[in-house]
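Let me begin by presenting the structure, written as structure tokens, before commenting on it.
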Amino acid sequence: MNPAVDILIDSDGRLVFIDETGTRHENVRPARMFPLTDPEGWISLQSPSGEEVGFIENAKTLTRVQQVALSDAFAKRDFVPVVRSIDRISRASDGHLWHVTTDRGPTIFRIETDESIQQLGANRLVIIDDHNTRYLIPDIDKLDVESRRRLERYY
Amino acid sequence: MSFSAWNLAEIDEMELEEMGATASIHLIQEGVQSHAWRITTGRVREADAFLGRFKDQHRSARSDLKLDPEVLRPEGEDEEIVEGESEVKGFMAGPMVRLFAFAKPWHRLMVLGFLLTLASTATSLIAPWLTMALVDNVLIPLQSATEEVHVNQVYKFMAQLAGAGVLTWVLNWARTFVVARLAERVTSRMRRETFEHLQRLSLTYFNRKRTGDLISRIGSDTDHISLFLSVNFIEFICDVLQCVFLAVILFWINPLLAVAAMGPAPLVGWLVSKVRGHLRGGFAAASRAWSAMNSVLSDTIPGVRVVKAFAQEQREIERFRATDKHIFDTNDRVNRMWSFFTPMIELLTDVGLLVVWAAGAWSVAHHHITVGVLTGFVLYIQKLYGRVESMSKFVAAAQRASASAHRVFEILDVKPDMPVNQGMRKVGRLRGEIDFKGVKFRHGSRQVIKGIDLKIAPGEMIGLVGPSGAGKTTLVNLACRFFDVSEGSIWVDGLDLRELDVEDYRKNLGLVLQEPYLFYGTIAENIAYGKPKATKGEIIAAARAARAHDFIMRTVDGYDSMVGERGHQLSGGERQRISIARALLIDPAILILDEATSSVDTETEREIQAALDYLVKGRTTIAIAHRLGTLRRANRLIVMEDGRIVETGTHDQLLNQSGTYARLHEAMMEVTSQ
Ligand SMILES: Nc1ncnc2c1ncn2[C@@H]1O[C@H](COP(=O)(O)OP(=O)(O)OP(=O)(O)O)[C@@H](O)[C@H]1O
Ligand SMILES: [Mg+2]
């Protein structure tokens, strides 16, 4: 990364991006270009009006401090819970209720159609519930047998 | 229809072509199609018969030109198919033999399956044999109480019976598994090969075929075959084996009784031969009806927005109902046939059993046989009749499978009409010189391109304009070699296009279609369609160049967003930009843009244009546009009208000529100033 370029957090806790020309962009918003297949790489930095002011190809090339600033900014934005196990799937009046344990604890959500389960890559699934929250199963094979069997009936 | 009015010797051929809900008969005379009649699928059977008669008479007419016209008159208007044995063979044996050719790679599995079948069939016949001894040596003596029977003997029989049962069970299990596995492999290979073959066929083929029909051939027809191979066929083999074993055993036990038992056999044979032809036609019709329904579905489901916009739901419901009724009717016909047939066989076997009892009672009374032997015999004969009944079901299954196999092989037998593999010349990256020499092209009988001479230098940008229907898209289709020219030739880098390896050549092509087509998948997958191994950086760069990056980043999942089937979750302009990115990603030597920017706003178009100005450098570009401003950068503008080039030159030159271009330009200016 160009040494002139910098990412920092200002006194108001907002992300600031300084580009190659030294221009300071206040209150930028990070956005992942590949939130599901490559969450670590290719991060777009956007101005409050949604314009791209710069991008980071690989967050790992940043300094420690910059990385923390970036991940803080991400933490404030939406997240994708990772499903650790599927505990039960029951029929609801329209669609199915999924009882799952995520990396943030157990939860229940409802999905409407089969299309709500989407495959990304060989073993990776994204499940979109009726509130448009997305749940990620990073690797089907890593689920326990019971979870896999439950999943199999719907996907 | 009567042939006598035609001079048969002048006719080359007559063919029946099915196209889902309809079919047509083509008459080919002196190499070209001179007549075509459209018919509905309901009448295909009649049409088939008609063609059969035509072919017979045609053959004799050609061999003997001075034939009396009287002979050519068909035998009345009766359209029933002739139930000739030779025809049955052609229809039945052909597809079946080929079906087994598909199983060749798994011949070991096939042999294993056969051995297991043989063994399990043999073991299933042990039980009645034991029963015979059980009755005579144990039960009868027990009842008459004349002899002492050791209780151990009973145990021995029980153990033997149980052992035979278990053995049969294990063998059956193994056999079912092996055979099902084999059948799955065969049909999977069939599906794959059919699909592979389809991918090799040219667009001309797909223009004529209906999607639903192809889907049902690859989908449900192969499923029929799978079921037949895994269940019906092997059952039939078992049945035949059992019948042979049983017949031997029966004659062994008592020839007289055996002859009595075989009484209904000729009747059954006659019935089978009678019913087979009807079933065959019925199942073929059922498969066709199924295709017709799939065709309606694949037409209306993607077109649902048009249906709703014009409030035609009721009409589509009616249309579907009609095709569904067709399925119902054809199935009904088949069901009527074999629902009568199977119980009929049962009745016949019941009669046979009666005869056996009568003859048996007589034989026992005259001490020719013992009660035990009679019991065993009856058990065997019941088994035999059971087999015969189940064999009768095979008749239906075989006819259905052969009708289905026929439909699948029909696809496999289509020769790629544009011999894709003929051009063998391997090419790497081309410079991108394209030379059209006296190119003419026909869609069917309609001349669409009427003679084009055009030389495009490497790196040149050509703007192709002209009124709608002038043949612009057709011309670039020819340059992509989706179709072959009817006359003339196209040269690329000094090589005849037909000599090049098509795949190699197309790797040099970046194509943005008039109707962008996206696949179900993510945005990134769609952009990288022509180069699946593209890095994320390349994908993003292509998207930026096509001015797609910003809108992509506005979607929830960025490049990982799903675009839905055919990309329906994106706007028309967004789809176009994705397809531009897709074309740019492969860094083509020849870039073809068919109204690539027709659905984006002028602002975005200007942006894409700016990007393209940079991107067209170093590659030959053919851009088609109705908005003439789009082509400002073109080195040359080619104006096409009615399949011909009418003007060439730069924007200014053409305006001064006050020809077609000036007219188009004026009309456009009027529209924009309004
Ligand atoms: N598959 C086909 N079968 C028969 N005729 C066809 C086929 N495709 C196109 N045509 C006819 O060929 C003519 C030229 O079509 P083409 O698509 O090349 O026009 P175009 O110049 O691209 O028009 P537009 O500007 O509207 O896209 C049209 O009259 C069309 O009806
Ligand atoms: Mg066109």
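To find a chain, count down the sequence lines: A is the first, B the second, and so on, and within it residues start at 1. Only heavy atoms go into these numbers, but all of them, side chains included; no hydrogens, no water, no symmetry mates.
- Heavy-atom contacts from other residues, nucleotides or ligands closer than 6.0 Å to OH of B:Tyr529 number 12 or fewer.
- More than 12 heavy atoms of other residues, nucleotides or ligands sit less than 6.0 Å from atom CZ of B:Phe519.
- Contact check for A:Met33 versus B:His549: side-chain heavy atoms found under the 4.5 Å cut-off.
- Here A:Trp42 contributes atom CH2 and B:Ile539 contributes atom CD1; the two are 9.5 Å apart, rounded to the nearest 0.5 Å.
- Atom-to-atom distance recorded for B:Lys536:NZ and A:Asn58:CG is 11.0 Å, nearest 0.5 angstrom.
- Within a 6.0 Å radius of CZ in B:Phe206, other residues, nucleotides and ligands contribute more than 12 heavy atoms.
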Requested in this report: Go through the steps to decide whether B:Asp550 and A:Glu51 satisfy the test side chain to side chain contact (heavy atoms under 4.5 Å, CB included), and finish with yes or no.
Outcome: CA-CA 8 Å; B:Asp550 285 339; A:Glu51 231 177 290; 5.8 Å; no
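- Salt bridge absent: B:Asp557 and A:Arg32 never bring a charged side-chain N and a carboxylate O closer than 4.0 Å.
- At a 4.5 Å heavy-atom cutoff, the contact between A:Gln46 and chain B is made by side-chain atoms alone.
- By the 4.5 Å heavy-atom criterion applied to side chains, A:Gln118 and B:Thr522 are not counted as neighbours.
- Contacts of B:Ile552 with chain A are absent, with no heavy-atom separation under 4.5 Å from either backbone or side chain.
- Residues B:Asp560 and A:Phe34 approach most closely at OD2-C, 3.0 Å, considering heavy atoms.
- The 12-atom threshold is exceeded at CH2 of A:Trp98, counting heavy atoms of other residues, nucleotides or ligands nearer than 6.0 Å.
- Considering only heavy atoms from C-beta on, A:Glu52 comes within 4.5 Å of B:Arg544 through its side chain.
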